[in-house]
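Each remark here refers to the structure printed beneath this line.
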Amino acid sequence: ISLDDSSLRDTLWEFQIELMECDVALPVAERISEVLRERLIGKKRKIGTSVEEIVREAFREIVDEIFIHSLDFDEFIEKTEKPILLVFIGVNGTGKTTTIAKIAKRLLDNDYTPILASGDTFRAGAEEQLREHAERLGIRVIAHRYGADPAAVIYDAVAHARARKADVVLADTSGRMHTNVNLMDQLRKICRVNTPDLVIFVDEAIAGNDAVERAMRFEREVGIDAHILTKVDADAKGGTALSVVYETKKPIAFFGTGQRYEDLKKFSKDWFLKQFLG
Amino acid sequence: KLGKSLREAIRKLARSGRVDEAVVNEVVRDIQRALLQSDVNVKQVMELSKRIKERALKEEPLKGMTAREHVLRVIYQELVNLIGKPAQIELKPQKILMVGLQGSGKTTTTAKLARYFQKRGLRTAVICADNFRPGAYEQLKQLAETHGIPFYGEKNEKNAVKIVKNALENMKEYEVKIIDTAGRHALEEELIEELKNINKVVNPDHKFLVLDAAIGQLAKEQAEAFHKAVGITGIIVTKLDGTAKGGGALSAISVTGAPVAFVGTGERIDDLERFDPDSFISRLLG
Ligand SMILES: Nc1nc2c(ncn2[C@@H]2O[C@H](COP(=O)(O)OP(=O)(O)OP(=O)(O)O)[C@@H](O)[C@H]2O)c(=O)[nH]1
Ligand SMILES: Nc1nc2c(ncn2[C@@H]2O[C@H](COP(=O)(O)OP(=O)(O)OP(=O)(O)O)[C@@H](O)[C@H]2O)c(=O)[nH]1
Ligand SMILES: [Mg+2]
Ligand SMILES: [Mg+2]
């Protein structure tokens with residue numbers, strides 16, 4: 001039986017709704033639905049297979065294509081000249097500071113020496129939060145006084161890493177809205193002065209359509225090399241990951257799956273498919 | 001005060017001159033897309049679209065109203081019904097419990113809210129009941145000290161319920177007491193249990209759900225969990241100074257029955273505004 005427009009239309013609409021209920025951003029869900037239609041119209045359907053099954057199978061292929069951008073974090077750390085500078089950026093409250101601590105632990109477990117740069121010189125308790133993590137992990141923090149220039153703090157941390165032969169500098173920055181011109185300028189300066197090896201955009205897997213807007217804004221205005229999506233354990237459905245990678249074409253390095261140091265999951269397509277499409 | 005997509009939709013109606021089904025369908029589809037992009041719950045958007053369409057086609061436009069005014073009125077009314085009125089903020093002695101997901105803005109909003117009551121003549125104190133997050137005690141303490149707000153916390157106490165018991169003992173002289181709690185989500189059973197225990201001990205007059213404007217479809221299930229655990233009496237939507245529209249708040253309103261009290265529009269102490277349904281709706285319709 002050949003798939004025609006009328007047999008596809010309802011199924012694709014239902015499928016698009018399902019995608020949106022899983023936090024796939026509207027424009028991405030619409031685009032996926034269009035691509036599915038383009039690929040399936042006129043295709044032959046075997047007796048016994050439902051249209052839904054065919055759509056799901058075609059969708060799996062699309063997911064494969066979307067997640068073609070990859071970054072093997074461990075390999076990157078191994079092959080890059082030390083000291084490596086990783087700068088973590090994103091809007092407020094997404095999990096940057098906690099994620100830095102998790103990555104520091106991972107590096108320690110792999111016998112690397114990380115040091116932390118307290119680049120959030122603005123928010124109440126930011127330095128204390130980072131220091132507490134550093135203390136628990138037994139690693140060094142470089143910080144200046146409250147209100148200092150974050151670019152200078154990070155610069156200082158890299159110089160320190162070089163002198164002490166530390167492997168990786170994990171630079172924390174304050175959360176900021178992409179709508180705040182001064183803060184975006186500050187971020188550009190941080191990157192210009194320090195030329196990070198990776199700029200990592202940390203956002204929450206539980207954010208909706210705005211995740212795409214902010215990823216694109218940060219990518220356009222500062223440039224990002226990879227994503228980390230946190231709070232997956234809050235029952236996130238995974239659509240945010242799909243939308244964000246679809247738009248930025250940058251890889252997801254990790255998922256944050258909880259508040260403990262071990263709650264950092266390296267991105268894998270199979271894990272994504274199992275986790276979110278069951 | 002209309003968002004751009006609504007203006008576009010209404011322009012299409014204006015050209016048609018009468019309430020014709022094809023044009024209404026097109027207008028409803030535009031509204032639907034705007035609401036979905038604003039993170040309103042998908043099922044809720046579909047139900048709303050159906051109601052708007054039925055009313056637009058079946059109801060008689062009021063005397064003297066054009067077709068476009070009629071459809072506009074229906075859309076606006078349906079949204080106003082969903083969003084409800086802003087919460088009444090009583091300037092009297094009360095205990096307020098702040099709850100919500102990790103990173104939603106509870107600690108910052110606790111300080112903002114304390115400043116709000118303080119400016120209006122009420123002796124207000126903030127209490128740190130977050131003994132889990134590194135630096136949580138210092139964060140609230142610094143905010144409080146910077147703005148002359150009395151603070152209570154116990155840096156090394158392992159039991160959050162004990163902290164609030166002691167807090168209420170020690171802060172009796174303060175008329176308004178606002179209790180900041182650690183972030184938690186629906187699947188963290190022990191943390192939800194802890195919250196129920198804190199709630200029992202405090203017996204707050206208000207339980208505010210602090211919700212990030214950017215939250216996606218999860219808003220409904222999370223709001224349900226908090227409502228089931230402690231009974232939400234008010235909602236605060238934060239980070240509206242970004243580009244997020246706060247559509248998740250509509251789910252929170254409908255599952256808790258609670259009104260929106262305030263919105264957070266920045267990181268400073270004064271970046272707290274009373275909720276305004278009209279500007280919220282116009283932002284929602286983008
Ligand atoms: N459940 C869960 N919570 C997380 C995860 N990652 C971070 N968090 C929590 O989210 C909250 C905010 O984390 P932070 O690390 O302070 O976030 P941030 O981006 O540094 O915040 P700002 O610096 O204020 O912008 C904390 O309560 C963290 O414990 C995660 O993967 N799962
Ligand atoms: N731009 C902006 N940032 C906000 C707003 N409200 C809070 N923030 C920021 O969001 C981040 C998280 O705020 P917190 O107050 O630490 O959030 P929380 O809910 O207490 O976090 P946990 O205790 O970890 O669950 C901080 O960087 C705040 O400054 C707001 O309305 N606008
Ligand atoms: Mg931080
Ligand atoms: Mg907090």
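Residue numbers begin at 1 in each chain, while the letters A, B, ... track the order of the sequences.
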**chain A contact via B/A186 - side chain, backbone, both or neither, heavy atoms under 4.5 Å** = neither
**Asked** Salt bridge between A/E221 and A/R217, side-chain N to carboxylate O under 4.0 Å?
**Response** yes
**Interchain contact, B/N41 with chain A, by part (heavy-atom threshold 4.5 Å)** = neither
**Asked** If contact means a heavy atom pair closer than 4.5 Å, which residues of residues 170-180 of chain A contact chain B?
**Response** A/G175, A/M177, A/H178, A/T179
**Request:** Could you tell me which portion of B/R133 (side chain, backbone, both or neither) has an atom closer than 4.5 angstrom to a non-hydrogen atom of chain A?
**Result:** side chain
**Request:** Name the region of B/L101, side chain, backbone, both or neither, that has any atom closer than 4.5 Å to a heavy atom of chain A.
**Result:** side chain
**Prompt:** Taking non-hydrogen atoms and a cut-off under 4.5 angstrom, which of residues 128-140 of chain A neighbour chain B?
**Reply:** A/E128, A/Q129, A/E132, A/H133, A/R136
**Prompt:** What are the residues of residues 86-101 of chain A, in order of number, with any heavy atom under 4.5 angstrom from a heavy atom of chain B?
**Reply:** A/N92, A/G93
**Interface moiety of B/E145 toward chain A, non-hydrogen atoms closer than 4.5 Å** = neither
**Request:** Identify which part of B/Q37 has an atom lying under 4.5 Å from any heavy atom of chain A, answering side chain, backbone, both or neither.
**Result:** both
**Fill in**
Under 4.5 Å to a heavy atom of chain B? For A/A25 that would be neither
**Request:** With a 4.5 Å heavy-atom cut-off (strictly below), which parts of residues 27-37 of chain A touch chain B? List them by number.
**Result:** A/P27, A/E30
**Prompt:** Under a 4.5 Å heavy-atom cut-off, does chain B meet the side chain of A/E21, its backbone, both or neither?
**Reply:** both
